[in-house]
Amino acid sequence: MSSSRHDRPLPPARVEEVADGVHAYLQPDGSWWINNAGFLVGRRGVISVDSCATERRTLAYREAIAAVTDRPVTTLINTHHHGDHTFGNFVFPEATVVGHERTREMILAEGIPDYLTMAWTEVDWGALEARPPFLTYTDGVTVYSDELRCEVRHIGLPAHTTNDSIVWIPERSLLFSGDLVFNGGTPFVMMGSVTGAIEALDRLRELGAETIVPGHGDVCGPEVVDTVQDYLRFVLATAGRGREAGLSPLQTARETDLGEYAGLLDPERIVGNLHRAYAELDGLPAGEPIDVVTAVLEMIDYNGGRPLTCLA
């Protein structure tokens, strides 16, 4: 991460109508802790897909919704437990928060973790309060924005995390993918599974989505699924070579030419991804906990010993 990127102000977040009554909320530049959300406007209320990482950013998201409609936010769906998608849930106290059972479990277990101030450059997080989903499902649930059917589905296996869900709107061939898809950023599966994420992307491809609102980056088409999957296969192959050579994940990362993936944001994620890939090659079941603290510290080492750049 260069200091010039850290010093450069980001473009403002923007609302993009991706289908009639369906809006993506896009936050540049999509790097660490800067996610996308989205919302559907119906006659009686608004359904939000995810919140944001900081109090300030989620208040700005709430204002962006209010600029489109005066209807209340009645429902907030979380695609997974990571804080960039859930820390701002408390800014919508009137909404029913919906998520996978495991999403609720993880938010309750982690709360607002201490590591926020240790691993990343300084961020104004605000007065965060952990607010987990209080309406949960195991496989999925269907919600309606007026007559528009929105299928909220657990992807069915560990991938980006152990609790990834999508919001699929079949009538519009429109998918909110959560962090199963990164567009322009390095995919990250340290808390999930490399092989599981590859399979999850096969499942996404079968939907036939024409428009995808990724967890990070610009709205895209299905071709980005191929890019993410190719990167994950690259991680798996790199881990196999490094392990065979007796190298640690950090050593392997340092000796690896990222090639076509070098331009993706947050390239240090290769270290965390390799930690997960090594664990799987060693026989650890997909999604089982690994030593995340060590992996994050080694990402910092890979980053020249500097905290990871966060512009949230």
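Just so it is clear, the values below take in all heavy atoms, side chains as well, and ignore hydrogens, waters and symmetry mates. All figures in this text were calculated on a predicted structure; none of them were measured in a lab.
Within the 3.5 Å criterion, the main-chain N or O of His81 finds a donor-acceptor partner in the side chain of Thr86. A donor-acceptor pair is defined here as one N or O able to donate and one able to accept, closer than 3.5 Å; such a pair exists between the side chain of Ser248 and the backbone of Gln251. Side chain of His100 to main chain of Thr136: no donor-acceptor pair is present (N/O by atom type, distance under 3.5 Å, no hydrogens or angles). Under the 3.5 Å distance criterion, the side-chain polar atoms of Arg71 are matched with a main-chain donor or acceptor of Arg43. Checking side-chain atoms of Thr142 against main-chain N and O of Glu151 turns up no donor-acceptor pair under 3.5 Å. Side chain of Glu280 to main chain of Leu284: no donor-acceptor pair is present (N/O by atom type, distance under 3.5 Å, no hydrogens or angles). With hydrogens and angles ignored, the 3.5 Å screen pairs a side-chain donor or acceptor of Arg243 with a backbone N or O of Leu281. The backbone N or O of Thr96 lies less than 3.5 Å from no partner atom in the side chain of Thr75, so there is not a single donor-acceptor pair.
Taking Ile, Leu, Val, Met, Phe, Trp and Tyr as members and joining any whose side-chain heavy atoms lie under 4.5 Å apart, directly or through other members, the hydrophobic cluster of Val49 also contains Val18, Val22, Leu26, Leu40, Ile47, Ile77, Val98, Leu135, Tyr137, Val141, Val143, Leu148, Val152, Val167, Ile169, Leu174, Phe176, Val213, Val219.
Listed here is the closest heavy atom pair of Asn183 and Cys220: ND2-CB, 3.6 Å. Contact record, Ala127 with Glu55: N-OE1, 2.9 Å, taken as the closest heavy-atom pair. Across Ser193 and Gly196, no two heavy atoms sit closer than the pair OG-N, 2.8 Å. The shortest heavy-atom contact between Gln27 and Asn36 is N-OD1, 3.3 Å. Nearest heavy-atom pair, Ile107 versus Pro133, reported as atom, atom and distance to 0.1 Å: CD1-CD, 3.9 Å. Pairing each heavy atom of Thr162 with each of Gly287, the nearest pair is CG2-O, 3.6 Å.
Between Glu129 and Arg131 no salt bridge is recorded (no basic side-chain N to carboxylate O distance below 4.0 Å). Using a 4.0 Å cut-off between a side-chain N of Lys or Arg and a carboxylate O of Asp or Glu, Arg241 and Glu244 do not qualify as a salt bridge. Between Asp124 and Arg57 no salt bridge is recorded (no basic side-chain N to carboxylate O distance below 4.0 Å). Note on Glu94 versus Arg62: salt bridge recorded, some NZ/NE/NH1/NH2 to OD/OE distance being below 4.0 Å.
Put simply, Val194 and Val292 are part of the same group of oily side chains (I, L, V, M, F, W, Y) that touch within less than 4.5 Å, one to the next. Under the 4.5 Å side-chain heavy-atom criterion for ILVMFWY residues, a single connected hydrophobic cluster contains both Leu250 and Leu258. In the hydrophobic clustering of ILVMFWY residues, with side-chain heavy atoms under 4.5 Å counting as a link, Phe39 and Tyr144 come out apart. The same ILVMFWY cluster, assembled from side-chain heavy atoms under 4.5 Å apart, contains both Ile112 and Trp32. Transitive grouping of hydrophobic side chains (ILVMFWY, heavy atoms separated by less than 4.5 Å) keeps Val97 and Leu108 in distinct clusters.
Summarising the local packing, CG of Asp114 is surrounded by 12 or fewer heavy atoms from other residues, nucleotides or ligands at distances under 6.0 Å.
Glu16 places none of its side-chain heavy atoms less than 4.5 Å from the side chain of Asp218. Residues Arg153 and Leu207 meet the side-chain proximity criterion, which asks for heavy atoms closer than 4.5 Å. Taking 4.5 Å as the limit, every side-chain heavy atom of Leu116 sits out of range of all side-chain heavy atoms of Val123. Residues Tyr231 and Glu260 are not in side-chain contact: their nearest non-hydrogen atoms beyond the backbone lie 4.5 Å or more apart. Contact annotation: the side chain of Asp146 approaches that of Arg44 to within less than 4.5 Å [non-hydrogen atoms, C-beta and beyond]. Between Phe90 and Leu128, the closest side-chain pair of non-hydrogen atoms falls below 4.5 Å. The closest side-chain heavy-atom distance from Ile290 to Arg276 is below 4.5 Å. Here the side chains of Pro187 and His160 are not in contact, with every heavy-atom distance at 4.5 Å or above.
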From CA spacing to verdict: side-chain contact (heavy atoms from CB on, under 4.5 Å), Val235, Ile270: CA-CA 7 Å; Val235 168; Ile270 184 67; 3.9 Å; yes
Stepwise side-chain hydrogen bond (donor to acceptor under 3.5 Å, both in side chains) check, Asp164 with Thr161: CA-CA 6 Å; Asp164 301 298; Thr161 67; 3.0 Å; yes
Met191/Met106 under side-chain contact (heavy atoms from CB on, under 4.5 Å): CA gap, chis, key distance, verdict: CA-CA 11 Å; Met191 295 184 182; Met106 293 298 292; 6.0 Å; no
Let's go through Asp84 and His216 carefully: what are the C-alpha distance in whole Å and the side-chain angles of both, what is the deciding distance for side-chain hydrogen bond (donor to acceptor under 3.5 Å, both in side chains) to 0.1 Å, and is it a yes or a no? CA-CA 10 Å; Asp84 49 340; His216 298 256; 3.1 Å; yes
Could you go step by step and tell me if Glu171 and Glu147 meet the side-chain contact (heavy atoms from CB on, under 4.5 Å) rule? CA-CA 10 Å; Glu171 289 175 46; Glu147 291 71 48; over 6 Å; no
Worked verdict on Asp179 versus His85 for side-chain hydrogen bond (donor to acceptor under 3.5 Å, both in side chains): CA-CA 9 Å; Asp179 281 0; His85 298 259; 3.0 Å; yes
Asp50 vs Asn35, side-chain hydrogen bond (donor to acceptor under 3.5 Å, both in side chains): CA-CA, chis, key distance, verdict: CA-CA 9 Å; Asp50 285 329; Asn35 69 308; 5.2 Å; no
side-chain contact (heavy atoms from CB on, under 4.5 Å) between Arg205 and Asp226: does it pass, once the steps are laid out? CA-CA 9 Å; Arg205 194 179 285 108; Asp226 298 335; 2.8 Å; yes
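For residues 263-308, there are no ring-ring contact (aromatic ring centres under 6.0 Å, His included) pairs, not counting sequence neighbours.
No side-chain donor-acceptor contact under 3.5 Å links Ser31 and Asp266.
The distance from the OG1 atom of Thr238 to the CG atom of Asn273 is 10.5 Å, given to the nearest 0.5 Å. Atom CG in Leu308 sits 11.5 Å away from atom CE in Met118 (nearest 0.5 Å). The distance from the CD atom of Glu105 to the CD atom of Glu110 is 12.0 Å, given to the nearest 0.5 Å. One distance of note links CD1 of Ile65 with OG of Ser48; it measures 5.0 Å at 0.5 Å rounding. Interatomic distance, CD1 of Ile155 versus CD of Glu199, reported as 9.0 Å (0.5 Å rounding).
Cation-pi contact between Arg269 and Phe188: present, with separation from the ring centre below 6.0 Å and deviation from the ring axis of at most 45°.
Taking the six-membered ring where the residue is Trp, Trp33 and Phe87 present parallel rings, their angle staying beneath 30° rather than reaching 60°. Below 30°, between 30° and 60°, or above 60°: for Tyr261 and Phe234 the angle between ring planes is between 30° and 60°, a tilted geometry.
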